[in-house]
There are 2 protein chains.
Amino acid sequence: MLKYILLGFLNMHAHTGYDLHAHLETSTAHFWNAKLSQIYVTLKKMESDGLIQSEIEEQDDRPDKRIYSITDSGRTELQDWLDKPHTTVDQMKSKMLLRLFFAGFHNLDTVITELNLQKALHEQRLRYYRTETRQIIDIGAESTPNGDYHKIFWDATREFGERYEAMVVEWLTETIQILSTMQVEKE
Amino acid sequence: MLKYILLGFLNMHAHTGYDLHAHLETSTAHFWNAKLSQIYVTLKKMESDGLIQSEIEEQDDRPDKRIYSITDSGRTELQDWLDKPHTTVDQMKSKMLLRLFFAGFHNLDTVITELNLQKALHEQRLRYYRTETRQIIDIGAESTPNGDYHKIFWDATREFGERYEAMVVEWLTETIQILSTMQVEKE
DNA sequence: CGCACCATGTAATGCGTTACATGATTTT
DNA sequence: AAAATCATGTAACGCATTACATGGTGCG
């Protein structure tokens, strides 16, 4: 899947692996992230498959840059992927929910503490999607060909993130409430 | 992570690999799922690590069963995992959002069709969490030691699932609305 | 003086999916 | 007659994480 994200970004601009990673961090990270090391490996594979090509830009003070750009074959691959419909529901993996599921084996105080930490983290993300992410999208749209059109879709995914975080915060608040009440009753 | 799910279930009852898979499907699947083949491999590894042990129950008509049970070492491992706090936000991977993010390169009709399919699938899940999942939890609680207590946590994860699906359906409805309006304007 | 940023990569290990392989019983 | 359920596993492959390895610039 990472292959298609990289093709997507390279279809807008040429980029180094480092840049691509920075792009993921600020835009797709909340629904798809990858480590820098993985990006380098994937780019190398994609180049050997002819989907992208690279040229070296020499730098004196820093390591030379390897700048990747998409090939015709890469553009075709991206189109084929978009054309092939996605017909299943994405499955999530949540360590938080997993730990809560088995929390009956655990100390209740500790469980509540952990959920409170999660709440703080998700509140922070919620604020982030409402402010910074909006700005990042605006800036991205200005520097991308056809950016105003892309922006509609970028903002739809941002909106998903915002609503998801709002839902999680609400659910955490109520769950903590239920568990805290139980804790008092036990005494 | 799968290791801990299996330890969690085996800490309630002894189970075969097949049974454990069925358990995942009906309870943790919406936040953690695994293929049967992966479960068999993981169980084998866990046994060689001394976390679980197995005995064969011979059957005439069907393949013999290998019934796993947790060892003291396994119980300790589960406790250690629960005690070690989880301090990060779970990251999601969503092909749906990924495709939407790059939908600017794609045909708008096709995008809308795909989102409508997603909506139908998520509506179905929402109904499932509101009905079947509740019953599965009740039945599970009756046949599990200390089931009434565990049930509180199981239901909290079910509630998360329900709210998540409700949020997704709402977001999809509005997103489809926005894109459909755009489509008309273009004509 | 230390940390963050820029910039590239390799190696080891682990986790997960798909396909392969078998085969009887029960339900539709 | 076909599909689902019960029941076990192996093999090949791909994707992802963590650690290793290097090193200059700029900021507080």
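Just so it is clear: chains get the letters A, B, ... in the order the sequence lines come, proteins before strands, and each one is counted from 1. The model shown is predicted, which means the values in this text are computed figures rather than measured ones.
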Donor-acceptor contact present, side-chain B:Thr71 to main-chain B:Gly50, <3.5 Å: yes

Quantify the bending of the helix from C:dC1-D:dG28 to C:dT28-D:dA1 as the angle between its end axes, each fitted on five pairs, to 10°. 60°

Rounded off to whole Å, could you give me the CG-to-P distance for the B:Leu20 and D:dG9 pair? 12 Å

For A:Phe105 and B:Gly8 the tightest heavy-atom approach is CE1-O, 3.6 Å

For the aromatic rings, using the six-membered ring if either is Trp, is the centroid distance between B:Tyr129 and B:Tyr164 under 6.0 Å? no

Between B:Gln38 (CD) and D:dA7 (P), how many Å, whole number? 21 Å

DNA chain D: 5'-proximal contact among B:Arg66 and A:Asn33 (nearest heavy atom): B:Arg66

Which heavy-atom pair separates B:His106 from B:Val111 by the least distance, and what is that distance? ND1-CG2, 3.8 Å

For B:Asp19 and B:Thr16, which I'm curious about, is there any donor-acceptor pair between the side chains at under 3.5 Å? yes

Within the distance-only criterion (no hydrogens, no angle test), does the side chain of A:Asp49 pair as donor or acceptor with the backbone N or O of A:Leu51 below 3.5 angstrom? no

Expressed as a whole number of angstroms, how long is the span from B:Lys44:NZ to D:dA11:P? 10 Å

Could you check how far NZ of B:Lys45 sits from C1' of C:dG14, rounded to whole Å? 9 Å

B:His30 and B:Phe160 aromatic centres sub-6.0 Å: no

Kindly say if A:Tyr40 contacts the phosphate of C:dT8, meaning a side-chain N or O under 4.0 Å from OP1 or OP2. yes

Distance in angstrom units between B:Gln91 CD and D:dC15 C1', rounded: 13 Å

Less than 3.5 Å between a donor and an acceptor, one on the side chain of A:Ser37 and one on the base of D:dT17, is that the case here? no

Measure the distance from CG on B:Leu36 to P on D:dC6 and round it to the nearest whole Å. 11 Å

Checking C:dG16, C:dT18, D:dC6 against the side chain of B:Tyr18 (C-beta onward), the nearest is D:dC6

For a quick check, tell me whether the side chain of B:Thr16 and the base of D:dT8 share a donor-acceptor pair closer than 3.5 Å. no

Integer-rounded Å distance: C:dA7 C1' and A:Glu58 CD: 14 Å

How many whole angstroms separate atom NZ of B:Lys95 from atom C1' of D:dC15? 14 Å

From C-beta outward on B:Lys93, which listed nucleotide comes closest to its side chain: C:dA7, D:dA16, D:dA19? D:dA16

Among D:dT8, D:dT18, C:dT10, the one nearest any side-chain atom of A:Lys35 is D:dT18

